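What you see is a predicted model, and the numbers here were worked out from it, not measured in a lab. Computed over heavy atoms, backbone and side chain alike; hydrogens, waters and symmetry mates excluded. Just so it is clear: chains get the letters A, B, ... in the order the sequence lines come, proteins before strands, and each one is counted from 1.
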Number of protein chains: 2
Amino acid sequence: MTKRPRTELQSDLTPISDMCAAFDVTPRTLRFYEAKELLSPVRVGTRRLFTRRDRARLTLILRGKRFGFSLEEIRQTLDLYDRTGSDAAQRQRACEIARERLAIMEAQRAELDVAIAELKTELAASEARFPVTHRAAE
Amino acid sequence: MTKRPRTELQSDLTPISDMCAAFDVTPRTLRFYEAKELLSPVRVGTRRLFTRRDRARLTLILRGKRFGFSLEEIRQTLDLYDRTGSDAAQRQRACEIARERLAIMEAQRAELDVAIAELKTELAASEARFPVTHRAAE
DNA sequence: CGTTACGCTGACGTTAACGTCAACTGCTCT
DNA sequence: AGAGCAGTTGACGTTAACGTCAGCGTAACG
């Protein structure tokens, strides 16, 4: 028989190995993120079990990284997504930060469009300048 | 009377201080980029003079950084923009890299759209949960 | 019952992208 | 001539984001 936790496979609590496989990260990374308070897995004894919340946050973390944000910037933005139990001032601060991020991201999107257009132009010009070696024409 | 060109080509050759002011970077950064072969200013004696080409490249470098690319990734992509004097194999390689970057950037754009939409939703929900203008004394 | 195998905790190493500092040089102005 | 700068070259320091390794615990497998 394959090793299988008993009847309690509610899949809401994910062990570290599964997390690593699912998100393509190392254990070190997850422990590092926990240390930085980006994740907060529960403990069974000494072992970590990641929650649905952790998985959602990790998705956002990795996405943020791809956009070039630092972990600290990400951590602040993340708070918006589940800061339901804080006081008004904190929530307002979170909204403020989120609006800033939003502006940055929209600017980034605009710049990205320009960059993509430019690169396309340059690429087309570059490909036109020399015969593409045996590439099927359309 | 040493040689002294009075009518200098100031428009094309920019000293380091002007570069720093124009692009909001430090001298150290420009020297660092030169060491990494991202820039190649000409020398007058020991001093650097940045060309039009350097300015164009620096624009792309800083833009690339905002997108989260590393300097090395940027350097490779940059080659597409002025690798006119290389052999066919090199140009082809440059095009290949550029196409990869392009794909990455388009994926990034798509993901950015999603992220912006999500953040907007979350922000709207968060702002709806409590009055923004002033705290409702409930 | 021993031995993999996975997981944990320090603790130190690494890489990228600069910052900082010291010592020197060559103009320019007075 | 001297002072004041802008600029240069090492050389070492710093921060973020992990990698790597040693030493230990424990749970299951054969």
Any carboxylate oxygen within less than 4.0 angstrom of a Lys/Arg side-chain nitrogen, looking at Glu106(A) and Arg109(A)?
no
Please determine if Glu96(B) and Arg99(B) form a salt bridge, counting it only when a charged side-chain N lies under 4.0 Å from a carboxylate O.
no
Strictly distance-based, threshold 3.5 Å: is any side-chain N or O of Arg101(B) a donor or acceptor partner for the main-chain N or O of Glu73(B)?
yes
Starting at atom [atom1] of [X], determine the distance to atom [atom2] of [N], rounded to an integer number of angstrom.
X        : N      : atom1 : atom2 : result
Leu49(B) : dG7(D) : CG    : P     : 10 Å
Phe50(A) : dC8(C) : CZ    : C1'   : 12 Å
Leu30(B) : dG7(D) : CG    : C1'   : 12 Å
Glu34(B) : dG7(D) : CD    : C1'   : 13 Å
Arg47(A) : dG7(C) : CZ    : C1'   : 5 Å

With a 4.5 Å heavy-atom cut-off, do Leu39(B) and Arg53(B) have their side chains touching?
no
Which one of Arg43(B), Arg57(B), Arg75(B) satisfies the salt bridge (Lys or Arg N to Asp or Glu O under 4.0 Å) criterion with Glu34(B)?
Arg43(B)
Residues Met105(B) and Phe67(B): closest non-hydrogen pair is CE-CE1, 4.2 Å
Report, one pair per line, the protein and nucleotides 22-24 of chain D atoms (nitrogen or oxygen only) whose separation is under 3.5 Å.
none

Does the pair Leu60(A) and Ile74(A) meet the rule for a side chain to side chain contact (heavy atoms under 4.5 Å, CB included), with working shown?
CA-CA 8 Å; Leu60(A) 293 172; Ile74(A) 292 169; 5.8 Å; no
Answer yes or no: does a side-chain N or O of [X] lie under 4.0 Å from OP1 or OP2 of [N]?
X        : N       : value
Thr46(A) : dG25(D) : no
Arg31(A) : dC8(C)  : yes
Arg48(A) : dC6(C)  : no

Side-chain donor-acceptor pairs of residues 15-26 of chain B under 3.5 Å, sequence neighbours excluded:
residue  : atom : partner  : partner atom : Å
Thr26(B) : OG1  : Arg28(B) : N            : 3.4
Thr26(B) : OG1  : Thr29(B) : N            : 3.2
Thr26(B) : OG1  : Thr29(B) : OG1          : 3.0

Go through the steps to decide whether Tyr81(B) and Leu119(A) satisfy the test side chain to side chain contact (heavy atoms under 4.5 Å, CB included), and finish with yes or no.
CA-CA 9 Å; Tyr81(B) 286 83; Leu119(A) 191 52; 3.6 Å; yes
At under 4.0 Å between heavy atoms, how does the protein contact nucleotides 10-19 of chain D? Give one character per nucleotide, 5' to 3', with B, S or -.
-------BBB
